[in-house]
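Residue numbers start from 1 in every chain, and the chains themselves are labelled A, B, ... in the order their sequence lines are given, proteins ahead of strands. As a basis for the values below, the full set of heavy atoms in this structure was taken, side chains included, without hydrogen atoms, waters or symmetry mates.
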Number of protein chains: 2
Amino acid sequence: METRHAVTARTSPESARDIPEATVARLPIYLRALTTLSEQGTSTCSSEELAAAAGVNSAKLRKDLSYLGSYGTRGVGYDTDYLRYQIAREIGVTQDWPVVIVGIGNLGQALANYSGFRSRGFRVVALLDADPARHEEVVAGIDVRPFDHLEQIVRDHAVAIGVIATPALAAQDVADRMVACGITSILNFAPTVLNVPDQVDVRKVDLSIELQILAYHEQRKAASA
Amino acid sequence: METRHAVTARTSPESARDIPEATVARLPIYLRALTTLSEQGTSTCSSEELAAAAGVNSAKLRKDLSYLGSYGTRGVGYDTDYLRYQIAREIGVTQDWPVVIVGIGNLGQALANYSGFRSRGFRVVALLDADPARHEEVVAGIDVRPFDHLEQIVRDHAVAIGVIATPALAAQDVADRMVACGITSILNFAPTVLNVPDQVDVRKVDLSIELQILAYHEQRKAASA
DNA sequence: CTCGGTTTGTTCTCGCGTTCACAAACTCCT
DNA sequence: AGGAGTTTGTGAACGCGAGAACAAACCGAG
Ligand SMILES: NC(=O)c1ccc[n+]([C@@H]2O[C@H](COP(=O)([O-])OP(=O)(O)OC[C@H]3O[C@@H](n4cnc5c(N)ncnc54)[C@H](O)[C@@H]3O)[C@@H](O)[C@H]2O)c1
Ligand SMILES: NC(=O)c1ccc[n+]([C@@H]2O[C@H](COP(=O)([O-])OP(=O)(O)OC[C@H]3O[C@@H](n4cnc5c(N)ncnc54)[C@H](O)[C@@H]3O)[C@@H](O)[C@H]2O)c1
């Protein structure tokens, strides 16, 4: 046991053992549920309450939280604000994350106007578009700038996260440029598979895939009726 | 073998054995990759090629396709258009799916303007909003109508799929109304947990969760450096 | 017709995630 | 102080999905 200590501590001084991906994906949901409870004046909550608010099984919730540490009190529950802070710290939303959005069309404008960014620690530092006609525009109080400014902006603001909202054909090029100037996390809305180096994280949001999954189940319901 | 035939055929006359959820979620990706290949003039492709285009492992691809049936030819590969049709049929995108969008703000307008809907068999039959000021507007060639018209529209067009793009506070009410008038599949963009009956499918798209997941990994990268 | 080369469809194994169930730990009341 | 009632944290069982590996099936050449 004692000799294993180095292994546990290797990754980082403070906590940071490896949390399962499935759990990481749920932590933001718990965070939101805790914020809601806190706003309603709930200072303490049980795993049962919190699980209900988050829409998950209470056993799963407790197991997820156990990866972070022991922040609850048996027989009592969790202190809402304390747990909220611990999860926020673990995810990293206690700090400020600068973000660039590339492709300020229908979707890019909606994203720029989305207030849920700022309130969770993400700050849009630039809007970029390749179309010169758009460079006149101001969206959500931010100037739309030429895509060529990417390198400078990323350097000046130490941007690590980029959002792609261009047409599918341009997405790979944009991603390559992002990677080249040091961005290591990409959120991709274009319906295409991006090829990036291993150390770069890509998450994709694909609306039409979601609809097609719904259609599949809808079809099955109709068939069995 | 022979006696098992009834079991295979029980669920439905045409195919429709139960496909794993993980596979269902990937079928739309394969569909898109096949469309791309087909447009490039590729009439036949191996599992290796298709897997590369879809960004998955070739063994996983073959396993996924095996749930649909045996549509390939050993030693040759898959006929691009034939496989594409089979997947489209299995998902249900060979038919037309009427869709309503509720909440025509920043995001709702972007969705209404999204061409990827129509091209995959989804037809926006109505845009609904509670704000009377918006009822003057025309978005993407479609009139914005009062939310109260929901029941009539769902009845007239046999709508099964609804999209929610309202603020979080309104989302549960909108979902309740949708369920009450017969909608059985909901795509929810509001950052809230929806309570619906079991037979109703809900999928949620949550941008800020995606960003938070990226932030978590970004933080870990920074910590280990 | 046979044989070598190719690619599919499937079997098997392994690891991850979910869920159950319960001991440990805490509060409150008597 | 002690016991009843609550709730957490976790060990263990289970099921599903990922990937490796291989036999079966197909093509084409000779
Ligand atoms: N609109 C939606 O609701 C929606 C939903 C899901 C997915 N998507 C996807 O999101 C992407 C954007 O959709 P949209 O409706 O906003 O499209 P859009 O055409 O309205 O906007 C695309 C923008 O990207 C810019 N652009 C093109 N090439 C570029 C480049 N190389 N560098 C920088 N900017 C470039 C264009 O000038 C334009 O402003 C598309 O891939 C689309 O498939 C959109
Ligand atoms: N804008 C984005 O990029 C983005 C991204 C992710 C998630 N979201 C979420 O999507 C939702 C919509 O975002 P938005 O930026 O479009 O907001 P928005 O305020 O621009 O639009 C909301 C629209 O919903 C309408 N509405 C309100 N209550 C309604 C009701 N009961 N019935 C029908 N319509 C109603 C409003 O009139 C308004 O037009 C929000 O929940 C937001 O958190 C938005």
Taking only residues two or more places apart in sequence, or in another chain, which ones meet [X] in a side-chain hydrogen bond (donor to acceptor under 3.5 Å, both in side chains)?
X        : result
A/Thr192 : none
B/Gln219 : none
A/Glu151 : A/Arg177
B/Ser38  : B/Asp81

Pick one: which of B/Glu90, B/Arg84, B/Arg89 meets side chain to side chain donor-acceptor pair (under 3.5 Å) with B/Gln86?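 Among the candidates, only B/Arg89 passes.
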Contacting residues from residues 53-61 of chain B, given that a heavy atom lies under 4.0 angstrom of DNA chain D: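 Close to the strand are B/Asn57, B/Ala59, B/Lys60.
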Judged by atom type as modelled, is there a donor-acceptor pair below 3.5 Å linking the side chain of A/Glu39 to the main-chain atoms of A/Thr36?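 Pair absent, no side-chain N/O of A/Glu39 close to backbone of A/Thr36.
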Counting only N and O atoms by type, is there a donor-acceptor contact under 3.5 Å from the side chain of A/Glu210 to the main-chain atoms of A/Leu207?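 Here the side-chain-to-backbone pair does not exist.
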For the residue pair B/Gln172 / B/Asp176, report whether a side-chain donor-acceptor contact shorter than 3.5 Å exists.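 A pair is found: one side chain offers a donor N or O, the other an acceptor, under 3.5 Å apart.
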Mind jotting down which residue pairs meet the salt bridge (charged side-chain N to carboxylate O under 4.0 Å, His left out) criterion with at least one end in residues 61-70 of chain A? Sequence neighbours excluded, please.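 Every pair satisfying salt bridge (charged side-chain N to carboxylate O under 4.0 Å, His left out) with a residue in residues 61-70 of chain A: A/Arg26-A/Asp64.
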Determine which pairs satisfy salt bridge (charged side-chain N to carboxylate O under 4.0 Å, His left out) with at least one residue from residues 107-125 of chain B, sequence neighbours left out, and list them in order.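 Found B/Asp96-B/Arg123.
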Neighbours of DNA chain C within residues 22-29 of chain A, by heavy-atom distance under 4.0 Å: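 Those residues whose heavy atoms fall under 4.0 Å from DNA chain C, taken from residues 22-29 of chain A in numerical order, are A/Ala22, A/Arg26.
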Quick check for you: name the first and last nucleotides of DNA chain C, 5' to 3', having an atom under 4.0 Å from a heavy atom of chain A.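 Going 5' to 3' along DNA chain C, contacts run C/dG17 to C/dT27.
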Please identify the 5'-most and 3'-most nucleotides of DNA chain D with any atom under 4.0 angstrom from a heavy atom of chain A.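 Using the under 4.0 Å cut-off, the span is D/dT6 to D/dA12.
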Using the ring pair (Phe, Tyr, Trp, His ring centres under 6.0 Å) criterion, which residues pair with B/Tyr85? Sequence neighbours excluded.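 In terms of ring pair (Phe, Tyr, Trp, His ring centres under 6.0 Å), with neighbours along the sequence ignored, B/Tyr85 is linked to no residue.
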Kindly write out the residues that satisfy side-chain contact (heavy atoms from CB on, under 4.5 Å) with A/Val124, not counting sequence neighbours, or none if the list is empty.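 Result, side-chain contact (heavy atoms from CB on, under 4.5 Å) vs A/Val124: A/Ile101, A/Phe117, A/Leu127, A/Ile142.
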For DNA chain D, whose closest nucleotide is more 5', that of A/Lys63 or that of A/Gly77?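 On the 5' side of the pair lies A/Gly77.
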